[in-house]
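Reminder, nothing fancy here: chain letters follow the sequence lines and each chain counts from 1. As a basis for the values below, the full set of heavy atoms in this structure was taken, side chains included, without hydrogen atoms, waters or symmetry mates. Worth saying up front: this structure is predicted, and the values here are computed from it rather than measured.
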Amino acid sequence: MDVPDPVKGVPDWLPPESAAFHAVERAFLAAAQLGGYERIRIPVFEHTEVFARGVGEATDIVQKEMYTFADRGGRSLTLRPEGTAGVVRAALTAGVPRQQALPVKYAYAGEFFRYERPQAGRQRAFSQVGVEALGSQDPMLDAEIVWLGYEALRRAGLDHITLRMNTLGDREDRPAYRERLSAHLDRFADRLPADVADRRHLNPLRAFDSKAPGMEAILAEAPRLADHVNAEAKAHYAEVCRLLEAEGLPLTHDPMLVRGLDYYTRTTFEFESAELGAQNAVGGGGRYDGLAEDLGYSERVPGIGWALGVDRTVLALRGAGKTPPRPPRVQAFVAVADAALTGAAFALVAELRRAGVSTDVGVDGRGLRSQLKAADRAGASVALVLGADEAAREAVTLRDMASGEQREVARGEVAEAVIDHLDVA
RNA sequence: GUGACCGUAGCUCAGCUCGGUUAGAGCGCCGCGUUGUGGUCGCGGAGGUCGGGGGUUCGAGUCCCCUCGGUCACCCCA
(Lines give C-alpha, C1' and ligand atoms only; values in the text may rest on other atoms or scores of the structure.)
Protein backbone atom coordinates (compact mmCIF):
# COMPACT_ATOMS: atom_id res chain seq x y z
CA MET A 1 0.00 0.00 0.00
CA ASP A 2 1.40 3.34 -1.00
CA VAL A 3 1.20 6.57 0.92
CA PRO A 4 -1.33 8.78 -0.87
CA ASP A 5 0.19 11.53 -2.97
CA PRO A 6 -0.37 15.09 -1.79
CA VAL A 7 -3.09 16.91 -3.68
CA LYS A 8 -1.67 18.68 -6.72
CA GLY A 9 -0.70 22.22 -5.94
CA VAL A 10 -1.30 21.85 -2.20
CA PRO A 11 2.07 22.25 -0.52
CA ASP A 12 3.34 20.97 2.82
CA TRP A 13 5.61 23.19 4.86
CA LEU A 14 7.92 21.11 7.05
CA PRO A 15 10.81 22.29 9.19
CA PRO A 16 13.16 23.92 8.47
CA GLU A 17 11.29 25.74 5.66
CA SER A 18 8.27 26.28 7.90
CA ALA A 19 10.42 28.54 10.09
CA ALA A 20 10.87 30.97 7.20
CA PHE A 21 7.17 30.75 6.42
CA HIS A 22 6.16 31.72 9.94
CA ALA A 23 8.78 34.44 10.17
CA VAL A 24 7.28 36.08 7.09
CA GLU A 25 3.72 35.67 8.33
CA ARG A 26 4.68 37.19 11.68
CA ALA A 27 6.41 40.13 9.99
CA PHE A 28 3.31 40.89 7.92
CA LEU A 29 1.00 40.70 10.92
CA ALA A 30 3.35 42.87 12.96
CA ALA A 31 3.14 45.60 10.33
CA ALA A 32 -0.66 45.35 10.35
CA GLN A 33 -0.66 45.67 14.11
CA LEU A 34 1.46 48.83 13.84
CA GLY A 35 -1.44 50.36 11.93
CA GLY A 36 -4.00 49.30 14.51
CA TYR A 37 -5.45 46.45 12.48
CA GLU A 38 -7.03 43.77 14.68
CA ARG A 39 -7.10 40.07 13.91
CA ILE A 40 -10.30 38.76 12.39
CA ARG A 41 -11.00 35.08 11.85
CA ILE A 42 -13.43 34.14 9.14
CA PRO A 43 -14.48 30.85 7.54
CA VAL A 44 -12.45 29.05 4.93
CA PHE A 45 -15.61 28.55 2.86
CA GLU A 46 -18.67 30.62 2.13
CA HIS A 47 -21.83 30.40 0.10
CA THR A 48 -20.67 30.56 -3.50
CA GLU A 49 -22.59 33.77 -4.09
CA VAL A 50 -20.31 35.67 -1.69
CA PHE A 51 -17.50 35.32 -4.20
CA ALA A 52 -19.63 35.26 -7.34
CA ARG A 53 -21.15 38.61 -6.42
CA GLY A 54 -18.21 40.03 -4.52
CA VAL A 55 -15.30 39.14 -6.76
CA GLY A 56 -17.40 39.39 -9.92
CA GLU A 57 -18.96 36.93 -12.35
CA ALA A 58 -16.73 38.07 -15.19
CA THR A 59 -13.43 37.39 -13.42
CA ASP A 60 -11.19 34.42 -14.15
CA ILE A 61 -11.36 33.56 -10.47
CA VAL A 62 -15.11 33.03 -10.52
CA GLN A 63 -15.29 31.61 -14.03
CA LYS A 64 -12.69 28.90 -13.78
CA GLU A 65 -10.63 28.93 -10.60
CA MET A 66 -12.98 28.27 -7.71
CA TYR A 67 -13.23 25.10 -5.63
CA THR A 68 -17.00 24.90 -5.56
CA PHE A 69 -18.92 21.95 -4.13
CA ALA A 70 -22.36 21.03 -2.88
CA ASP A 71 -22.69 20.13 0.78
CA ARG A 72 -25.01 17.37 2.00
CA GLY A 73 -27.86 19.84 2.13
CA GLY A 74 -27.41 20.76 -1.50
CA ARG A 75 -26.05 24.25 -0.82
CA SER A 76 -23.35 25.52 -3.17
CA LEU A 77 -20.25 26.34 -1.15
CA THR A 78 -16.84 27.59 -2.26
CA LEU A 79 -13.39 27.50 -0.68
CA ARG A 80 -12.28 31.10 -0.38
CA PRO A 81 -10.20 32.21 -3.39
CA GLU A 82 -9.37 35.54 -1.72
CA GLY A 83 -9.99 37.31 1.57
CA THR A 84 -11.73 40.61 1.02
CA ALA A 85 -15.22 39.40 0.08
CA GLY A 86 -15.40 37.18 3.17
CA VAL A 87 -14.13 39.85 5.54
CA VAL A 88 -16.63 42.40 4.25
CA ARG A 89 -19.42 39.81 4.41
CA ALA A 90 -18.54 39.05 8.04
CA ALA A 91 -18.54 42.73 8.98
CA LEU A 92 -21.91 43.25 7.30
CA THR A 93 -23.35 40.12 8.94
CA ALA A 94 -22.39 41.54 12.33
CA GLY A 95 -23.91 44.91 11.46
CA VAL A 96 -20.58 46.58 12.08
CA PRO A 97 -21.17 49.65 9.90
CA ARG A 98 -24.30 50.52 11.91
CA GLN A 99 -23.02 49.93 15.38
CA GLN A 100 -19.35 50.77 15.41
CA ALA A 101 -17.38 53.92 14.86
CA LEU A 102 -15.85 53.78 11.39
CA PRO A 103 -13.42 52.98 9.99
CA VAL A 104 -12.85 49.52 11.44
CA LYS A 105 -9.51 47.85 10.71
CA TYR A 106 -9.05 44.12 10.34
CA ALA A 107 -6.08 41.84 9.65
CA TYR A 108 -6.24 38.19 8.70
CA ALA A 109 -3.91 35.34 7.82
CA GLY A 110 -4.69 32.01 6.25
CA GLU A 111 -5.01 29.66 3.32
CA PHE A 112 -6.73 30.45 0.05
CA PHE A 113 -7.61 28.18 -2.84
CA ARG A 114 -7.67 28.60 -6.59
CA TYR A 115 -7.88 25.86 -9.18
CA GLU A 116 -5.02 26.82 -11.48
CA ARG A 117 -2.08 25.02 -13.06
CA PRO A 118 0.69 25.20 -10.46
CA GLN A 119 4.00 26.77 -11.39
CA ALA A 120 6.79 28.63 -9.64
CA GLY A 121 5.14 30.90 -7.07
CA ARG A 122 1.63 29.71 -7.85
CA GLN A 123 -0.05 26.93 -5.92
CA ARG A 124 -3.65 25.84 -5.64
CA ALA A 125 -3.52 26.34 -1.89
CA PHE A 126 -1.56 29.38 -0.86
CA SER A 127 -1.20 31.59 2.16
CA GLN A 128 -1.85 35.29 2.47
CA VAL A 129 -1.89 37.94 5.13
CA GLY A 130 -4.34 40.71 4.46
CA VAL A 131 -5.68 43.93 5.94
CA GLU A 132 -8.96 45.72 5.31
CA ALA A 133 -10.09 49.18 6.46
CA LEU A 134 -13.86 49.60 6.20
CA GLY A 135 -15.99 52.69 6.36
CA SER A 136 -13.91 55.58 5.12
CA GLN A 137 -12.88 57.05 1.82
CA ASP A 138 -10.18 59.29 3.25
CA PRO A 139 -7.15 59.26 0.93
CA MET A 140 -4.93 59.14 3.98
CA LEU A 141 -6.30 55.65 4.57
CA ASP A 142 -5.32 54.63 1.04
CA ALA A 143 -1.84 55.96 1.68
CA GLU A 144 -1.70 54.22 5.06
CA ILE A 145 -2.63 50.90 3.54
CA VAL A 146 -0.02 51.11 0.80
CA TRP A 147 2.59 52.31 3.25
CA LEU A 148 1.86 49.43 5.63
CA GLY A 149 2.11 46.92 2.79
CA TYR A 150 5.48 48.25 1.84
CA GLU A 151 6.59 48.23 5.47
CA ALA A 152 5.33 44.67 5.91
CA LEU A 153 7.43 43.44 2.98
CA ARG A 154 10.42 45.38 4.22
CA ARG A 155 10.05 43.82 7.67
CA ALA A 156 9.92 40.38 6.11
CA GLY A 157 13.35 41.14 4.72
CA LEU A 158 12.50 41.82 1.09
CA ASP A 159 14.10 44.74 -0.67
CA HIS A 160 13.97 45.95 -4.24
CA ILE A 161 10.19 45.94 -4.15
CA THR A 162 8.53 47.82 -6.97
CA LEU A 163 5.18 49.47 -6.38
CA ARG A 164 2.81 50.04 -9.28
CA MET A 165 -0.32 52.14 -8.78
CA ASN A 166 -3.34 53.29 -10.71
CA THR A 167 -6.79 54.68 -10.17
CA LEU A 168 -9.85 53.06 -11.72
CA GLY A 169 -12.24 55.89 -10.92
CA ASP A 170 -15.70 55.27 -9.51
CA ARG A 171 -18.33 52.76 -10.58
CA GLU A 172 -20.27 55.58 -12.23
CA ASP A 173 -17.34 56.26 -14.55
CA ARG A 174 -17.30 52.77 -15.93
CA PRO A 175 -20.30 52.56 -18.29
CA ALA A 176 -19.25 55.45 -20.51
CA TYR A 177 -15.69 54.22 -20.62
CA ARG A 178 -16.64 50.61 -21.27
CA GLU A 179 -18.74 51.69 -24.17
CA ARG A 180 -15.98 53.71 -25.76
CA LEU A 181 -13.42 50.95 -25.18
CA SER A 182 -15.80 48.41 -26.69
CA ALA A 183 -16.28 50.57 -29.75
CA HIS A 184 -12.52 50.86 -30.09
CA LEU A 185 -12.06 47.08 -29.85
CA ASP A 186 -14.82 46.61 -32.44
CA ARG A 187 -12.68 48.42 -34.96
CA PHE A 188 -9.99 45.76 -34.54
CA ALA A 189 -12.39 42.84 -34.20
CA ASP A 190 -10.65 40.80 -36.92
CA ARG A 191 -7.24 41.23 -35.32
CA LEU A 192 -8.00 40.63 -31.63
CA PRO A 193 -6.13 37.82 -29.89
CA ALA A 194 -8.39 34.96 -28.86
CA ASP A 195 -8.19 35.73 -25.12
CA VAL A 196 -9.38 39.29 -25.62
CA ALA A 197 -12.08 38.31 -28.09
CA ASP A 198 -13.42 35.82 -25.57
CA ARG A 199 -13.78 38.11 -22.62
CA ARG A 200 -14.28 41.56 -24.11
CA HIS A 201 -18.04 41.28 -23.83
CA LEU A 202 -17.93 40.22 -20.20
CA ASN A 203 -15.51 42.96 -19.32
CA PRO A 204 -13.64 44.91 -21.98
CA LEU A 205 -11.33 46.37 -19.33
CA ARG A 206 -9.66 42.98 -19.16
CA ALA A 207 -8.21 43.65 -22.59
CA PHE A 208 -5.51 45.56 -20.72
CA ASP A 209 -4.39 42.34 -19.03
CA SER A 210 -3.50 40.82 -22.38
CA LYS A 211 0.14 40.58 -23.34
CA ALA A 212 -0.62 39.02 -26.73
CA PRO A 213 1.66 40.35 -29.49
CA GLY A 214 -0.83 42.41 -31.48
CA MET A 215 -2.50 44.01 -28.48
CA GLU A 216 0.15 46.53 -27.67
CA ALA A 217 -0.56 48.59 -30.75
CA ILE A 218 -4.32 48.32 -30.38
CA LEU A 219 -4.16 49.38 -26.73
CA ALA A 220 -1.84 52.28 -27.43
CA GLU A 221 -4.63 53.83 -29.48
CA ALA A 222 -7.38 52.86 -27.06
CA PRO A 223 -9.37 55.41 -25.12
CA ARG A 224 -7.74 55.79 -21.74
CA LEU A 225 -9.44 55.02 -18.50
CA ALA A 226 -7.70 58.01 -16.97
CA ASP A 227 -9.65 60.31 -19.28
CA HIS A 228 -12.91 58.99 -17.88
CA VAL A 229 -12.10 59.20 -14.20
CA ASN A 230 -14.18 61.89 -12.56
CA ALA A 231 -12.49 64.95 -11.13
CA GLU A 232 -13.07 64.03 -7.50
CA ALA A 233 -11.58 60.58 -7.93
CA LYS A 234 -8.63 62.08 -9.75
CA ALA A 235 -7.98 64.50 -6.94
CA HIS A 236 -8.34 61.65 -4.44
CA TYR A 237 -5.70 59.62 -6.27
CA ALA A 238 -3.39 62.61 -6.56
CA GLU A 239 -3.59 63.11 -2.82
CA VAL A 240 -2.79 59.42 -2.16
CA CYS A 241 0.27 59.63 -4.39
CA ARG A 242 1.35 62.92 -2.86
CA LEU A 243 1.28 61.44 0.64
CA LEU A 244 3.25 58.36 -0.41
CA GLU A 245 5.82 60.27 -2.40
CA ALA A 246 6.38 62.61 0.53
CA GLU A 247 7.22 59.50 2.54
CA GLY A 248 9.69 58.46 -0.12
CA LEU A 249 7.89 55.37 -1.45
CA PRO A 250 9.20 54.58 -4.94
CA LEU A 251 5.85 54.34 -6.67
CA THR A 252 5.31 53.99 -10.40
CA HIS A 253 2.06 55.16 -11.94
CA ASP A 254 0.86 52.45 -14.34
CA PRO A 255 -2.31 53.31 -16.28
CA MET A 256 -2.47 49.71 -17.56
CA LEU A 257 -2.81 48.23 -14.06
CA VAL A 258 -6.40 47.00 -14.02
CA ARG A 259 -6.32 43.90 -11.77
CA GLY A 260 -8.54 40.89 -12.11
CA LEU A 261 -11.15 41.47 -9.46
CA ASP A 262 -14.25 43.43 -10.33
CA TYR A 263 -14.77 45.11 -6.99
CA TYR A 264 -11.87 47.52 -7.31
CA THR A 265 -12.57 51.23 -7.56
CA ARG A 266 -10.23 54.20 -7.37
CA THR A 267 -6.84 53.29 -5.90
CA THR A 268 -5.28 49.99 -6.99
CA PHE A 269 -1.70 48.86 -6.46
CA GLU A 270 0.63 45.92 -6.75
CA PHE A 271 3.94 45.06 -5.08
CA GLU A 272 6.42 43.12 -7.20
CA SER A 273 9.72 41.36 -6.63
CA ALA A 274 12.26 40.55 -9.32
CA GLU A 275 13.18 37.27 -7.58
CA LEU A 276 10.05 35.36 -8.48
CA GLY A 277 10.04 34.34 -12.11
CA ALA A 278 6.78 34.74 -13.96
CA GLN A 279 4.58 35.20 -10.89
CA ASN A 280 6.23 38.40 -9.75
CA ALA A 281 3.51 39.94 -7.59
CA VAL A 282 4.10 39.49 -3.88
CA GLY A 283 1.05 41.50 -2.96
CA GLY A 284 -1.62 43.82 -4.16
CA GLY A 285 -4.83 45.51 -3.30
CA GLY A 286 -7.00 48.49 -3.72
CA ARG A 287 -10.17 50.32 -2.85
CA TYR A 288 -13.57 48.64 -3.18
CA ASP A 289 -16.19 51.26 -2.43
CA GLY A 290 -19.04 49.32 -4.04
CA LEU A 291 -18.40 45.87 -2.58
CA ALA A 292 -20.79 46.10 0.37
CA GLU A 293 -23.63 47.00 -1.98
CA ASP A 294 -22.64 44.21 -4.37
CA LEU A 295 -23.07 41.86 -1.44
CA GLY A 296 -26.57 43.19 -0.89
CA TYR A 297 -26.02 45.70 1.89
CA SER A 298 -28.36 48.67 1.78
CA GLU A 299 -25.71 51.27 2.42
CA ARG A 300 -22.47 52.20 0.80
CA VAL A 301 -19.49 51.07 2.90
CA PRO A 302 -16.24 52.14 1.28
CA GLY A 303 -13.17 50.06 1.98
CA ILE A 304 -9.58 49.44 1.04
CA GLY A 305 -7.08 46.70 1.72
CA TRP A 306 -4.26 44.50 0.53
CA ALA A 307 -3.18 40.91 0.55
CA LEU A 308 0.44 39.79 0.65
CA GLY A 309 1.50 36.33 -0.45
CA VAL A 310 3.36 34.47 2.28
CA ASP A 311 4.58 31.59 0.07
CA ARG A 312 5.68 33.97 -2.64
CA THR A 313 7.57 36.16 -0.22
CA VAL A 314 9.39 33.11 1.14
CA LEU A 315 10.30 32.22 -2.46
CA ALA A 316 11.49 35.73 -3.16
CA LEU A 317 13.63 35.74 -0.01
CA ARG A 318 15.09 32.37 -1.01
CA GLY A 319 15.81 33.74 -4.47
CA ALA A 320 17.65 36.66 -2.92
CA GLY A 321 19.62 34.28 -0.70
CA LYS A 322 18.02 35.76 2.38
CA THR A 323 16.19 32.83 3.95
CA PRO A 324 15.94 33.51 7.67
CA PRO A 325 18.03 31.02 9.69
CA ARG A 326 16.34 28.14 11.45
CA PRO A 327 16.12 28.97 15.14
CA PRO A 328 17.42 26.47 17.73
CA ARG A 329 14.74 23.91 18.52
CA VAL A 330 15.43 23.83 22.26
CA GLN A 331 17.67 25.50 24.80
CA ALA A 332 18.47 22.41 26.86
CA PHE A 333 18.77 18.68 26.23
CA VAL A 334 18.66 15.95 28.86
CA ALA A 335 20.76 12.89 28.05
CA VAL A 336 19.93 9.72 29.95
CA ALA A 337 23.05 7.61 30.41
CA ASP A 338 21.36 4.82 32.33
CA ALA A 339 18.10 3.11 31.44
CA ALA A 340 17.16 2.90 35.12
CA LEU A 341 16.98 6.69 35.31
CA THR A 342 14.16 7.44 32.87
CA GLY A 343 11.91 8.45 35.77
CA ALA A 344 14.49 10.91 37.07
CA ALA A 345 15.07 12.22 33.56
CA PHE A 346 11.38 12.77 32.93
CA ALA A 347 11.11 14.69 36.20
CA LEU A 348 14.12 16.85 35.31
CA VAL A 349 12.70 17.64 31.87
CA ALA A 350 9.36 18.60 33.42
CA GLU A 351 11.08 20.82 35.95
CA LEU A 352 13.08 22.65 33.31
CA ARG A 353 10.06 23.15 31.08
CA ARG A 354 8.03 24.43 34.01
CA ALA A 355 10.82 26.93 34.62
CA GLY A 356 10.40 28.13 31.03
CA VAL A 357 13.45 26.42 29.55
CA SER A 358 12.62 24.66 26.28
CA THR A 359 13.97 21.15 26.70
CA ASP A 360 14.23 17.92 24.77
CA VAL A 361 15.33 14.50 25.95
CA GLY A 362 17.08 11.47 24.48
CA VAL A 363 14.81 8.52 23.78
CA ASP A 364 14.95 4.91 22.66
CA GLY A 365 17.80 4.01 25.02
CA ARG A 366 20.46 5.35 22.67
CA GLY A 367 24.06 5.68 23.77
CA LEU A 368 25.31 8.92 25.24
CA ARG A 369 27.22 9.63 22.05
CA SER A 370 24.04 9.43 20.05
CA GLN A 371 22.12 11.57 22.52
CA LEU A 372 24.72 14.34 22.45
CA LYS A 373 24.54 14.24 18.69
CA ALA A 374 20.80 14.76 19.01
CA ALA A 375 21.42 17.62 21.45
CA ASP A 376 23.73 19.22 18.92
CA ARG A 377 21.20 18.90 16.14
CA ALA A 378 18.45 20.29 18.32
CA GLY A 379 20.54 23.42 18.73
CA ALA A 380 20.65 23.08 22.52
CA SER A 381 23.17 25.33 24.22
CA VAL A 382 23.21 23.13 27.32
CA ALA A 383 23.20 19.37 27.73
CA LEU A 384 22.41 17.75 31.06
CA VAL A 385 23.85 14.30 31.53
CA LEU A 386 22.03 12.10 33.98
CA GLY A 387 23.88 8.87 34.77
CA ALA A 388 24.44 6.38 37.54
CA ASP A 389 27.46 8.27 38.88
CA GLU A 390 25.58 11.55 39.06
CA ALA A 391 22.50 9.90 40.52
CA ALA A 392 24.59 8.43 43.33
CA ARG A 393 25.74 11.94 44.24
CA GLU A 394 22.29 13.48 43.63
CA ALA A 395 23.80 15.61 40.89
CA VAL A 396 23.69 16.22 37.16
CA THR A 397 26.47 17.01 34.71
CA LEU A 398 25.92 20.31 32.91
CA ARG A 399 27.71 20.54 29.57
CA ASP A 400 28.12 23.71 27.57
CA MET A 401 27.55 22.63 23.97
CA ALA A 402 29.57 25.45 22.45
CA SER A 403 32.77 25.02 24.46
CA GLY A 404 32.43 21.43 25.62
CA GLU A 405 33.16 22.48 29.19
CA GLN A 406 31.20 20.67 31.84
CA ARG A 407 30.68 20.74 35.59
CA GLU A 408 28.60 18.88 38.09
CA VAL A 409 25.58 20.63 39.59
CA ALA A 410 23.57 19.51 42.59
CA ARG A 411 20.18 18.10 41.51
CA GLY A 412 18.26 20.69 43.49
CA GLU A 413 19.99 23.58 41.75
CA VAL A 414 19.84 22.40 38.17
CA ALA A 415 17.03 24.63 36.89
CA GLU A 416 18.62 27.69 38.40
CA ALA A 417 22.04 26.78 37.03
CA VAL A 418 20.64 26.21 33.53
CA ILE A 419 18.83 29.55 33.54
CA ASP A 420 21.99 31.32 34.73
CA HIS A 421 23.97 29.58 32.05
CA LEU A 422 21.53 30.54 29.30
CA ASP A 423 21.54 34.17 30.42
CA VAL A 424 25.30 34.29 30.23
CA ALA A 425 25.47 32.48 26.89
C1' G B 1 -7.51 24.77 -20.70
C1' U B 2 -2.64 25.06 -24.16
C1' G B 3 2.69 24.20 -24.81
C1' A B 4 7.77 22.68 -23.61
C1' C B 5 10.88 19.90 -20.59
C1' C B 6 11.74 16.11 -16.82
C1' G B 7 10.74 11.16 -13.85
C1' U B 8 17.15 6.22 -11.23
C1' A B 9 18.29 5.62 -3.01
C1' G B 10 15.08 10.18 1.98
C1' C B 11 17.54 14.63 -1.07
C1' U B 12 20.75 16.29 -5.40
C1' C B 13 22.26 13.64 -9.46
C1' A B 14 25.66 10.08 -12.76
C1' G B 15 24.62 5.77 -15.86
C1' C B 16 20.63 6.18 -21.30
C1' U B 17 23.96 8.59 -27.08
C1' C B 18 26.48 2.98 -29.22
C1' G B 19 21.12 -2.57 -24.78
C1' G B 20 25.31 -7.11 -21.87
C1' U B 21 27.07 -10.44 -15.33
C1' U B 22 25.72 -8.15 -8.20
C1' A B 23 22.68 -0.11 -10.74
C1' G B 24 26.69 4.00 -8.59
C1' A B 25 28.31 8.88 -6.15
C1' G B 26 27.75 13.00 -2.81
C1' C B 27 24.68 14.63 1.12
C1' G B 28 21.44 12.79 4.92
C1' C B 29 20.25 8.62 8.37
C1' C B 30 21.97 4.46 11.83
C1' G B 31 26.19 1.97 14.13
C1' C B 32 31.43 1.46 15.45
C1' G B 33 36.37 3.73 16.49
C1' U B 34 35.13 6.28 22.66
C1' U B 35 31.49 -0.77 27.75
C1' G B 36 29.32 7.67 29.70
C1' U B 37 30.48 12.55 25.83
C1' G B 38 28.21 16.21 19.94
C1' G B 39 30.49 19.23 15.97
C1' U B 40 36.02 17.24 12.56
C1' C B 41 37.99 12.62 10.81
C1' G B 42 38.06 7.25 9.64
C1' C B 43 35.43 2.52 9.01
C1' G B 44 30.92 -0.12 8.35
C1' G B 45 25.56 -0.54 7.53
C1' A B 46 20.48 0.18 6.21
C1' G B 47 17.93 2.16 2.09
C1' G B 48 16.28 1.24 -5.06
C1' U B 49 8.98 -2.01 -8.02
C1' C B 50 15.36 2.52 -12.31
C1' G B 51 7.16 6.41 -12.03
C1' G B 52 3.55 2.40 -14.03
C1' G B 53 1.96 -0.94 -18.11
C1' G B 54 2.89 -3.13 -22.71
C1' G B 55 6.25 -4.11 -26.89
C1' U B 56 11.12 -5.25 -29.52
C1' U B 57 15.26 -8.54 -28.07
C1' C B 58 18.83 -14.32 -26.12
C1' G B 59 19.04 -9.97 -22.78
C1' A B 60 15.93 -3.33 -21.37
C1' G B 61 17.48 1.72 -16.27
C1' U B 62 19.19 2.17 -21.60
C1' C B 63 15.23 1.35 -27.78
C1' C B 64 9.58 1.92 -29.21
C1' C B 65 4.30 2.82 -27.75
C1' C B 66 0.74 4.03 -24.08
C1' U B 67 -0.19 5.91 -19.34
C1' C B 68 0.52 8.39 -14.64
C1' G B 69 3.18 12.08 -12.09
C1' G B 70 6.28 16.48 -11.69
C1' U B 71 8.44 21.17 -13.30
C1' C B 72 8.41 25.63 -16.04
C1' A B 73 5.79 28.88 -19.23
C1' C B 74 1.09 30.88 -21.43
C1' C B 75 -3.28 32.60 -18.93
C1' C B 76 -4.35 34.85 -14.26
C1' C B 77 -2.87 36.55 -9.78
C1' A B 78 -0.83 36.35 -3.85
Side-chain angles (χ1 to χ4, degrees), chain A residues 2-3 5-9 14 24-25 28 55 59-65 80-84 109-130 149 152-153 193-196 198-199 206 208-213 257-261 264 268 270-273 276-285 305-316 333 335-339 341 362 364 366-391 397-406:
Chain A
D2 292 331
V3 175
D5 289 329
V7 176
K8 185 191 187 82
L14 275 57
V24 166
E25 191 178 69
F28 288 172
V55 175
T59 61
D60 276 9
I61 291 177
V62 171
Q63 293 219 312
K64 51 187 193 193
E65 295 175 5
R80 59 187 185 186
E82 61 100 52
T84 303
E111 306 295 316
F112 298 83
F113 309 89
R114 292 184 199 170
Y115 191 87
E116 299 183 89
R117 283 286 281 270
Q119 69 185 72
R122 188 174 78 185
Q123 298 286 304
R124 289 180 172 178
F126 56 99
S127 187
Q128 308 190 139
V129 171
L153 292 166
D195 60 331
V196 177
D198 284 349
R199 63 196 184 201
R206 304 284 311 291
F208 287 103
D209 297 337
S210 178
K211 285 155 203 150
L257 179 67
V258 175
R259 299 187 59 78
L261 287 78
Y264 285 121
T268 59
E270 212 165 273
F271 299 106
E272 290 173 1
S273 161
L276 278 177
Q279 306 302 319
N280 61 357
V282 290
W306 48 243
L308 304 178
V310 177
D311 322 58
R312 273 192 194 175
T313 301
V314 172
L315 264 187
F333 192 99
V336 197
D338 186 321
L341 293 170
D364 292 337
R366 297 265 181 77
L368 188 58
R369 171 195 179 85
S370 170
Q371 293 188 65
L372 283 173
K373 190 182 275 198
D376 187 43
R377 275 189 292 231
S381 31
V382 195
L384 297 156
V385 180
L386 195 51
D389 299 352
E390 286 89 345
T397 296
L398 186 157
R399 178 183 180 84
D400 180 285
M401 292 299 286
S403 67
E405 287 168 26
Q406 41 185 62

Do A:T397 and A:E390 pair up side chain to side chain, a donor and an acceptor below 3.5 Å, judged on atom types alone?
yes
Report yes if at least one side-chain N or O of A:K64 is closer than 4.0 Å to OP1 or OP2 of B:G1; otherwise report no.
no
Under 4.0 Å from OP1 or OP2 of B:C29: is there any side-chain N or O of A:R377 that close?
yes
Determine the interatomic distance between [atom1] on [N] and the same-named atom on [M]; round to the nearest Å.
N     : M     : atom1 : value
B:C58 : B:G45 : C1'   : 37 Å
B:C68 : B:G28 : C1'   : 29 Å
B:G47 : B:G24 : C1'   : 14 Å
B:G10 : B:A4  : C1'   : 29 Å
B:U8  : B:G48 : P     : 15 Å
B:U62 : B:U21 : P     : 13 Å
B:G61 : B:U17 : P     : 13 Å
B:C50 : B:G15 : C1'   : 10 Å

Any base atoms under 4.0 Å from [X], or only sugar-phosphate, or nothing? Heavy atoms, all strands.
X      : answer
A:E390 : base
A:A383 : nothing
A:Q406 : base
A:G130 : nothing
A:D389 : base
A:S370 : sugar-phosphate
A:E65  : sugar-phosphate
A:D364 : nothing
A:A375 : nothing
A:A402 : base
A:V385 : base
A:R399 : base

Ignoring hydrogens and angles, answer whether the base of [N] and the side-chain atoms of [X] contain a donor-acceptor pair closer than 3.5 Å.
X      : N     : answer
A:R122 : B:C75 : yes
A:E116 : B:A78 : yes
A:Q63  : B:G1  : no
A:R369 : B:U37 : no
A:Q119 : B:C75 : yes
A:R366 : B:G31 : no

Starting from [atom2] on [N], measure out to [atom1] on [X] and report it in whole angstrom.
X      : N     : atom1 : atom2 : result
A:Q123 : B:C76 : CD    : C1'   : 15 Å
A:D400 : B:U37 : CG    : C1'   : 14 Å
A:N280 : B:C76 : CG    : P     : 13 Å
A:L315 : B:C72 : CG    : C1'   : 13 Å
A:F333 : B:G38 : CZ    : C1'   : 10 Å
A:L368 : B:G33 : CG    : C1'   : 16 Å

[X] side chain, from C-beta outward: closest of [options]:
X      : options             : answer
A:Q279 : B:A73, B:C76, B:A78 : B:C76
A:A337 : B:G38, B:G36, B:G70 : B:G36
A:R117 : B:A78, B:G38, B:C74 : B:C74
A:Q128 : B:G36, B:A78, B:C76 : B:A78

Ring-base stacking, A:F112 with B:A78 (5.5 Å, 30° cut-offs):
no
Toward the 5' end of RNA chain B, by each residue's nearest nucleotide, A:G283 or A:A388
A:A388
Which residue lies more 5' along RNA chain B, comparing A:K8 with A:L308 via nearest heavy atoms:
A:K8
So, the side chain of A:R122 versus the backbone of A:R117: is there a donor-acceptor pair under 3.5 Å, distance only?
yes
Measure from the side-chain N and O atoms of A:Q371 to the backbone N and O of A:V336, and report whether any donor-acceptor pair falls under 3.5 Å.
yes
Do the numbers put A:R124 on top of the ring of A:Y115, so that NZ or CZ is under 6.0 Å from the six-membered ring centre and no more than 45° off the axis?
yes
Using 0.5 Å steps for rounding, measure from the CG atom of A:N280 to the CD atom of A:E270.
7.0 Å
Rounded to the nearest 0.5 Å, what separation is found between the CD atom of A:E116 and the NZ atom of A:K8?
12.5 Å
For B:C63, the Watson-Crick or wobble counterpart (both distances under 3.5 Å)
B:G55
Looking at side-chain heavy atoms only, is the closest gap between [X] and [Y] below 4.5 Å?
X      : Y      : value
A:R399 : A:L372 : yes
A:F112 : A:R114 : no
A:P81  : A:E65  : no

